[in-house]
Amino acid sequence: GSIPVTNMVLFATNSFNCEGCLQSGLYMVGFDGANLTRLSLEGIFPAWERGFDRFAYIRGGELWVANADGSQPTQITHAYASLSAPAWNSDSITLVADCMPYGQHDVCLIDTETGLVHNLTPEIVYGTGIPYPYWLGDDELVLGQTRIDLEAQITGTLPVIGRVSPDGTRIATIQNRQLHVVDIDGANDVALTSDPTTKGFPVWSAGSDLIVYEVAPGDGRLYLYAIRADGVNGGYLLTPQAISPGPPSRPNSISDWLGYSFGP
């Protein structure tokens with residue numbers, strides 16, 4: 001019942017104790033920084049469904065789904081706190097999400113039709129969990145550098161920690177505060193940025209040609225940037241204001257992420 005979006009990045013903001021930040025909420029903005037729009041929803045970690053006519057997000061630790069325009073928000077899970085960073089499978093039913101039922105980062109699969117949550121990794125030793133799993137195809141997941149199947153069996157490793165492009169050929173990764181792209185086998189390591197700010201949490205566009213990432217310049221705020229995957233023309237600011245509080249001095253890495261997701 002919703003019209004799919006085109007060329008829009010969906011993202012979350014947090015203005016708490018952040019002068020000059022966008023007001024807390026969920027937003028959309030064009031790839032070129034145009035048409036910034038605030039949705040009438042509260043939440044974090046928004047994620048487009050593969051058809052781009054609806055999206056998932058987290059509110060109060062629970063999974064919600066809404067139409068692309070923010071209408072008809074529907075709570076999917078109940079009494080399952082501490083979900084974050086959902087990502088859709090191409091079946092448009094199943095999501096993977098970070099979950100913390102035992103105070104550590106586990107990997108949960110969620111059926112959006114039933115609300116059933118299945119913890120894939122309950123036996124990870126406390127403190128060793130890796131946050132923010134994502135899909136590699138439809139039958140594998142990535143946790144840091146480790147690839148697992150849907151039975152939580154290890155299927156392989158990646159050469160670096162980062163995000164594999166949707167076409168499966170490259171990885172966006174952070175090295176020494178800078179955004180790099182490397183081939184899936186670790187070859188052809190190319191630095192896309194070189195300025196003194198700290199970068200974090202790269203996320204690919206559906207076409208594998210653009211990357212959105214966070215920037216921490218050390219002014220107490222975090223900013224949303226985008227760049228072409230070939231590095232031509234460099235990175236550019238997507239929003240006129242910061243998206244959340246950040247470190248007061250330049251950090252070695254960025255740990256705070258509220259989530260963002262590319263439209264087609």
Notebook entry, point to check: L158 and V96: same hydrophobic cluster, using ILVMFWY side-chain contacts below 4.5 Å?
Noted result: no
Next item on the list: Just do the side-chain contact (heavy atoms from CB on, under 4.5 Å) check on L95 and E49 with the steps written out, would you?
Entry: CA-CA 9 Å; L95 293 101; E49 182 263 336; over 6 Å; no
Checklist line | Heavy-atom pair of closest approach, residues A229 and S208 | finding: CB-O, 4.0 Å
Margin query: According to a hydrophobic-cluster definition based on side-chain heavy atoms being under 4.5 Å apart (Ile, Leu, Val, Met, Phe, Trp, Tyr only), do Y225 and I254 belong together?
Written below: no
Check: Within the side chain of D111, is there an N or O that forms a donor-acceptor pair under 3.5 Å with the backbone of T114?
Finding: yes
Notebook entry, point to check: Does R221 use its side chain to pair, donor to acceptor, with the backbone of P248 at less than 3.5 Å?
Noted result: no
Notebook entry, point to check: Taking side chain as C-beta onward, heavy atoms only, is W64 less than 4.5 Å from T74?
Noted result: no
Note to self: Between T173 and L179, is there a side-chain heavy-atom distance shorter than 4.5 Å?
What the structure shows: no
Margin query: When you compare the side chain of I211 with that of V203, does any pair of heavy atoms fall below 4.5 Å?
Written below: no
Check: Is there a side-chain contact between D256 and L222 (heavy atoms, below 4.5 Å)?
Finding: yes
Margin query: Contact between L224 and V212 at the side-chain level, heavy atoms closer than 4.5 Å - yes or no?
Written below: yes
Checklist line | Minimal non-hydrogen separation, N67 against Q72, with atom names | finding: ND2-OE1, 3.3 Å
Note to self: Side-chain heavy atoms nearer than 4.5 Å, only ILVMFWY residues, links allowed to pass through others: does that put L237 and V215 together?
What the structure shows: yes
Check: Going from OG1 on T198 to OH on Y213, what distance comes out if it is rounded to the nearest 0.5 angstrom?
Finding: 12.0 Å
Margin query: Tell me if a side-chain donor or acceptor on R147 pairs with a main-chain N or O of I154 at a distance below 3.5 Å.
Written below: no
Check: So which heavy atom on R170 is nearest to which on D167, and how close?
Finding: NH2-OD2, 4.1 Å
Next item on the list: Without swapping roles, check the side chain of S71 against the backbone of D69 for a donor-acceptor pair under 3.5 Å.
Entry: no
Check: For L141 and V107, what are the C-alpha separation, side-chain angles and deciding distance, and is it a side-chain contact (heavy atoms from CB on, under 4.5 Å)?
Finding: CA-CA 9 Å; L141 299 162; V107 180; 4.0 Å; yes
Note to self: Just verifying a value: how many Å separate I227 CD1 and D209 CG, rounded to the nearest 0.5 Å?
What the structure shows: 12.5 Å
Margin query: So V117 and L109, do their side chains get closer than 4.5 Å, heavy atoms only?
Written below: no
Note to self: Given 3.5 Å as the limit, does a donor-acceptor pair link the side chain of T13 with the main chain of G25, or not?
What the structure shows: yes
Next item on the list: Please say whether the positively charged group of R163, taken as NZ for Lys or CZ for Arg, lies over the ring of W204, i.e. under 6.0 angstrom from the six-membered ring centre and within 45 degrees of the axis.
Entry: no
Margin query: Run H118 and L120 through side-chain contact (heavy atoms from CB on, under 4.5 Å) and show every step you take.
Written below: CA-CA 6 Å; H118 173 52; L120 286 181; 3.5 Å; yes
Note to self: Can you confirm whether or not the ring centre of F45 sits under 6.0 Å from the ring centre of W257?
What the structure shows: yes
Notebook entry, point to check: Roughly how far, to the nearest 0.5 Å, is the CG atom of L116 from the CD1 atom of I76?
Noted result: 12.5 Å
Next item on the list: Treating Ile, Leu, Val, Met, Phe, Trp and Tyr as nodes and any side-chain heavy-atom pair under 4.5 angstrom as an edge, say whether L210 and F201 lie in one connected cluster.
Entry: yes
Check: Would you say the side chains of S15 and S24 form a donor-acceptor pair under 3.5 Å?
Finding: yes
Check: Under a 4.5 Å cut-off applied to non-hydrogen side-chain atoms, are N14 and C21 in contact?
Finding: no
Item checked: S90 versus D138, closest heavy-atom pair with distance -> OG-OD2, 2.6 Å
Next item on the list: Spell out, as yes or no, whether a donor-acceptor pair under 3.5 Å connects the side chain of Q75 to the backbone of E62.
Entry: no
Checklist line | Qualifying residue, where the test is ring-ring contact (aromatic ring centres under 6.0 Å, His included) with W48 and the options are F262, F55, Y57 | finding: F55
Checklist line | Nearest-0.5 Å distance that lies between atom CG in L36 and atom OG1 in T239 | finding: 7.0 Å
Item checked: Pair T155-D149, side-chain donor/acceptor within less than 3.5 Å -> no
Item checked: Set of residues satisfying side chain to side chain contact (heavy atoms under 4.5 Å, CB included) with respect to E42, sequence neighbours excluded -> R38
Check: Roughly how far apart are Q23 CD and C18 SG, rounded to 0.5 Å?
Finding: 12.5 Å
Next item on the list: Please test Y223 against I243 for side-chain contact (heavy atoms from CB on, under 4.5 Å), starting from the C-alpha separation and ending with a verdict.
Entry: CA-CA 6 Å; Y223 298 85; I243 60 172; 5.9 Å; no
Next item on the list: Group every Ile, Leu, Val, Met, Phe, Trp and Tyr by side-chain heavy-atom contacts under 4.5 Å, then state whether Y260 and F31 land in the same group.
Entry: yes
Note to self: Looking at N176, I want to see if its CG is surrounded by more than 12 non-hydrogen atoms of other residues, nucleotides or ligands under 6.0 Å.
What the structure shows: no
Checklist line | Main-chain N/O of P159 paired with Q145 side-chain donor or acceptor, under 3.5 Å | finding: yes
Next item on the list: Give a yes or no on whether the backbone of P196 and the side-chain of R250 come within a donor-acceptor separation of less than 3.5 Å.
Entry: yes
Check: Nearest 0.5 Å, what's the CD-CG distance between E151 and D139?
Finding: 11.0 Å
Notebook entry, point to check: With side chains defined as the heavy atoms from C-beta onward, is the minimum distance between T193 and K199 less than 4.5 Å?
Noted result: yes
Checklist line | Shortest non-hydrogen separation from N119 to P101 and the atoms involved | finding: ND2-CG, 3.6 Å
Notebook entry, point to check: Of all heavy-atom pairs between D98 and Y132, which one has the smallest distance, and what is that distance?
Noted result: OD2-N, 3.1 Å
Next item on the list: For the pair Q178 (side chain) and S194 (backbone), establish whether a donor and an acceptor sit closer than 3.5 Å, ignoring hydrogens and angles.
Entry: yes
Margin query: I'd like to know if the side chain of D91 reaches the main chain of I93, judged simply by a donor and an acceptor atom lying under 3.5 Å from each other, with no hydrogens or angles considered.
Written below: yes
